[in-house]
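So the structure is just underneath, and the comments pick up after that.
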Amino acid sequence: MESINRDNQAGRRVLHSVANAIVGKDAIILRVFLAILARGHILIEDIPGVGKTTLAIAFSKALTLNYNRVQFTPDVLPSDLTGFSIIDKDTGRMEYTPGAVLCNLFLADELNRATSRTQSALLEAMEEGQVTVDGVSYLVPQPFMVIATQNPVGAAGTQLLPDSQMDRFMVRLSLGYPTHEDELTLLQRKQGQNLLDLVEPVLTSEQLEQMRSEVDKVHVDKALFDYIVKLIGATREHKDLLLGASPRASIALTGISKALAYLQGRDYVVPKDISPLLSDTLSHRLILRPGAENENITTTKILDAILQSVPAPRI
């Protein structure tokens, strides 16, 4: 427990450092960090201008990560992400030029403005930790994570992400508008300075990898595995859902629950680590039946009802 308590303090310093640039969104900052610790990818869906890009850059600074950003538009090509091979005129050999995704933290800004072919170029890196160019695979650096942003569906120039890509993201989050007080603080803090200058490095990439390895070792009781499977199974049987959560969702919920237990200084998971993360981890993986939205039915309400109907085990 000694190492976990020490890293718990380091985790609090990371959250505090990022919060210097993102005012009033502590719950979102926490969930992004939990997903990073759990080796997951993050999707942030929101309107322009609320701080999605700033949030990603702030984490890259606080965690001292090599960071790349691509602003997705319809003319972005898959090779812009994965890289390409060109002939070296001196040797006559094909030389690989790395693409933007070969970094520690890749920000896919407005991902749903890109073509389906370009979106799919991210899948191999997100799922397998590598890219393949001209039949040769290249590993992405570790640690590696993707923070993708998308504008709400229906905004100009956007299209739905395919279900297979949505399922690759551990969590989907939304920053939303700041409160009146938070926006005042933001304006006052921003006068004469860049908010990102207030973010100080806290961890090295090696220390982050060590923390992720320790998260992997957090214990999950068999009863809690059963609880998670029952929660996921309830989504597959719900009358208002056409598509429930996949086994990948079970893995994601387990992983991010272990990260929350770790940040709280425990080397074991309890039910209260699972319940607050259920909606963020599952809502983007579910598909409502036709007409459900007209009846004011949402995936969040369904997941809240499932939490009430599935009893949590006593540990």
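FYI, the numbering just counts along the sequence from 1.
- Applying the salt bridge (Lys or Arg N to Asp or Glu O under 4.0 Å) criterion to D240, with sequence neighbours excluded, gives R289.
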Considering only distance and modelled atom types, tabulate donor-acceptor pairs under 3.5 Å from the side chains of residues 93-108, sequence neighbours left out.
unit_1	atom_1	unit_2	atom_2	d
Y96	OH	T82	O	2.4
N104	OD1	N66	N	3.0
N104	ND2	P143	O	2.8

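- Across all their heavy atoms, V133 and G83 have their closest contact at CG2-O, 3.8 Å.
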Apply the test side chain to side chain contact (heavy atoms under 4.5 Å, CB included) to residues D109 and R69: give CA-CA distance (whole Å), side-chain angles for both, the deciding distance (0.1 Å), then the verdict.
CA-CA 7 Å; D109 217 348; R69 171 180 178 265; 2.9 Å; yes
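- Side-chain atoms of D182 and T179 form a donor-acceptor pair, as typed in the model, at a separation below 3.5 Å.
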List the steps and the verdict of salt bridge (Lys or Arg N to Asp or Glu O under 4.0 Å) for D226 and K230.
CA-CA 6 Å; D226 184 66; K230 286 179 178 177; 3.2 Å; yes
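- Cluster annotation: L196 is connected to I36 through the hydrophobic network of ILVMFWY side chains, with a link wherever side-chain heavy atoms come within less than 4.5 Å.
- In this structure, P178 and E183 approach most closely via the heavy-atom pair CG-OE1, 3.8 Å.
- Counting non-hydrogen atoms of other residues, nucleotides and ligands closer than 6.0 Å to CD of Q207 gives a total above 12.
- Side chain to side chain, E293 and T298 fail the donor-acceptor criterion of an N or O pair below 3.5 Å.
- Under the 4.5 Å side-chain contact rule for hydrophobic residues, L37 and I251 do not share a cluster.
- Side-chain contact check for E110 and Q150: no donor-acceptor pair (N or O, by modelled atom type) lies under 3.5 Å.
- Side-chain contact of Q191 with R189: a donor-acceptor pair under 3.5 Å is absent, judged by distance alone.
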Do I44 and S174 pass the side chain to side chain contact (heavy atoms under 4.5 Å, CB included) test, and can you show the C-alpha distance, the side-chain angles, and the key distance before you say yes or no?
CA-CA 6 Å; I44 304 176; S174 177; over 6 Å; no
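- The list of side chain to side chain donor-acceptor pair (under 3.5 Å) pairs with a residue in residues 15-28, not counting sequence neighbours, is empty.
- One side chain, Q210 or E214, offers a donor N or O that lies under 3.5 Å from an acceptor on the other.
- Side-chain contact of T204 with T64: a donor-acceptor pair under 3.5 Å is absent, judged by distance alone.
- Considering every non-hydrogen atom in both Y227 and A312, the closest pair reads CE1-CA, 3.6 Å.
- No donor-acceptor pair under 3.5 Å is formed between the side chain of S283 and the backbone N or O of D280.
- Residues Q71 and R113 share a closest heavy-atom pair of NE2-NH1, 4.1 Å.
- Shown here is Q193, whose CD atom has more than 12 heavy atoms of other residues, nucleotides or ligands within 6.0 Å.
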